[in-house]
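Only heavy atoms go into these numbers, but all of them, side chains included; no hydrogens, no water, no symmetry mates.
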Amino acid sequence: MTELGRIQRVAAYNLCVDADDRLLLCRLSDRTEAPGSWTLPGGGVEFGEHPEAAALRELHEETGLLGRTAGLLAVDSVHRAAHKSANDFAYHAIRIIYRTTVVGGVLAHEVDGSTDQAAWCTRAELASMHLVSTSELGVRLAYPPS
């Protein structure tokens, strides 16, 4: 029996809500598995990098904005089992989400990266956007039911 591969990814994300109650999201580029879908700004933690530093680095790379973390919101874990095909693998993602305040920079789009657009999105806009599970979690954290 062939053992299937396993991938574990640790990533750090930013939950940014502005004074107009809009959530900052990034659109995934054609370089990803879900092009056109929206996610929180963030990404993989590099070897030896603190997750908080990774979140702020990714925020700047993907949006042009500078941030300051205001607290840890959530640590989430997602697992997908392999399906026994030669090219398949089991996948485990650990997602660390920080509440982040934007303190500078100018909104810009990443070039040649995993995202290709950044935008502040209203609750009404979020309802019609294709969100990946990371941004769905972000929406629940940003706008908890009252």
Side-chain angles (χ1 to χ4, degrees), residues 4-83 87-146:
L4 300 174
R6 300 185 321 176
I7 293 177
Q8 184 170 18
R9 181 174 190 258
V10 178
Y13 296 91
N14 302 277
L15 189 131
C16 304
V17 177
D18 70 4
D20 294 323
D21 202 33
R22 298 177 302 172
L23 180 64
L24 181 63
L25 293 180
C26 295
R27 186 176 67 187
L28 294 169
S29 72
D30 290 336
R31 296 175 56 182
T32 68
E33 291 182 4
S37 298
W38 292 83
T39 189
L40 295 174
V45 176
E46 296 176 1
F47 183 82
E49 184 178 33
H50 191 284
E52 187 174 353
L56 295 175
R57 173 183 52 77
E58 289 281 350
L59 176 69
H60 187 253
E61 289 175 5
E62 294 181 349
T63 70
L65 300 173
L66 302 171
R68 179 180 64 243
T69 57
L72 177 64
L73 278 175
V75 177
D76 184 56
S77 177
V78 176
H79 177 258
R80 179 185 60 84
H83 299 289
N87 296 325
D88 201 15
F89 53 87
Y91 181 76
H92 179 214
I94 299 169
R95 304 180 298 190
I96 303 164
I97 302 175
Y98 293 94
R99 179 173 306 284
T100 303
T101 303
V102 172
V103 296
V106 176
L107 188 65
H109 307 306
E110 185 176 26
V111 177
D112 295 326
S114 60
T115 66
D116 60 13
Q117 186 176 344
W120 290 102
C121 305
T122 66
R123 289 191 203 200
E125 291 168 332
L126 291 168
S128 64
M129 297 169 72
H130 187 267
L131 307 176
V132 296
S133 64
T134 304
S135 51
E136 290 172 346
L137 175 58
V139 168
R140 288 192 306 273
L141 291 168
Y143 310 113
S146 20

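Counting only distance, with no hydrogens or angles, the side chain of Glu46 and the backbone of Ala54 share no donor-acceptor pair below 3.5 Å. The backbone N or O of Thr115 lies less than 3.5 Å from a partner atom in the side chain of Glu110, making a donor-acceptor pair. Side-chain atoms of His109 come within 3.5 Å of backbone N or O of Ala118 as a donor-acceptor pair.
Of all heavy-atom pairs between Glu52 and Tyr98, the closest is N-OH, 3.3 Å. In terms of heavy-atom proximity, Leu107 sits nearest to Ala119 at CD2-CA, 4.5 Å. Residue Asp116 comes nearest to Ser29 through the heavy atom pair OD2-CA, 3.8 Å, listed as atom of the first residue, atom of the second, then distance. Shortest non-hydrogen contact noted between Leu15 and Gly138 is CD1-O, 3.1 Å. Contact record, Ser114 with Thr32: O-CG2, 3.3 Å, taken as the closest heavy-atom pair. A pairwise comparison of heavy atoms in Tyr143 and Arg22 identifies OH-C, 3.7 Å as the closest pair.
In the displayed structure, His92 atom NE2 is contacted under 6.0 Å by more than 12 heavy atoms of other residues, nucleotides or ligands.
Scored by the side chain to side chain donor-acceptor pair (under 3.5 Å) test, Arg123 finds Asp21 as partners (sequence neighbours excluded). In this structure Arg99 satisfies the side chain to side chain donor-acceptor pair (under 3.5 Å) test with no other residue, sequence neighbours excluded. Residues satisfying the salt bridge (Lys or Arg N to Asp or Glu O under 4.0 Å) test with Glu61, not counting sequence neighbours, are Arg57.
When each of Leu25, Thr63, Leu24 is tested with Trp120 by the rule side chain to side chain contact (heavy atoms under 4.5 Å, CB included), just one qualifies, namely Leu24.
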Verdict with reasoning, Glu136 to Val139, per side-chain contact (heavy atoms from CB on, under 4.5 Å): CA-CA 5 Å; Glu136 290 172 346; Val139 168; 5.8 Å; no
Test log, rule side-chain contact (heavy atoms from CB on, under 4.5 Å), inputs Leu65 and Cys16: CA-CA 11 Å; Leu65 300 173; Cys16 304; over 6 Å; no
Candidate pair Val102 and Asp18, rule side-chain contact (heavy atoms from CB on, under 4.5 Å), full reasoning: CA-CA 8 Å; Val102 172; Asp18 70 4; over 6 Å; no
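Expressed to the nearest 0.5 Å, how far OH of Tyr13 lies from CG of Leu141 amounts to 13.5 Å. How far OG1 of Thr122 is from CG of Asp20: 10.5 Å, rounded to the nearest 0.5 Å. In this structure, the separation between CD on Glu62 and CG on Leu40 is 10.0 Å, given to the nearest 0.5 Å. The CZ atom of Arg68 lies 13.0 Å from the CG atom of Asn14; values are rounded to the nearest 0.5 Å. Rounding to the nearest 0.5 Å gives a distance of 8.0 Å between OG of Ser77 and CD of Gln8. Atom OG of Ser133 and atom CZ of Arg95 lie 4.0 Å apart (nearest 0.5 Å).
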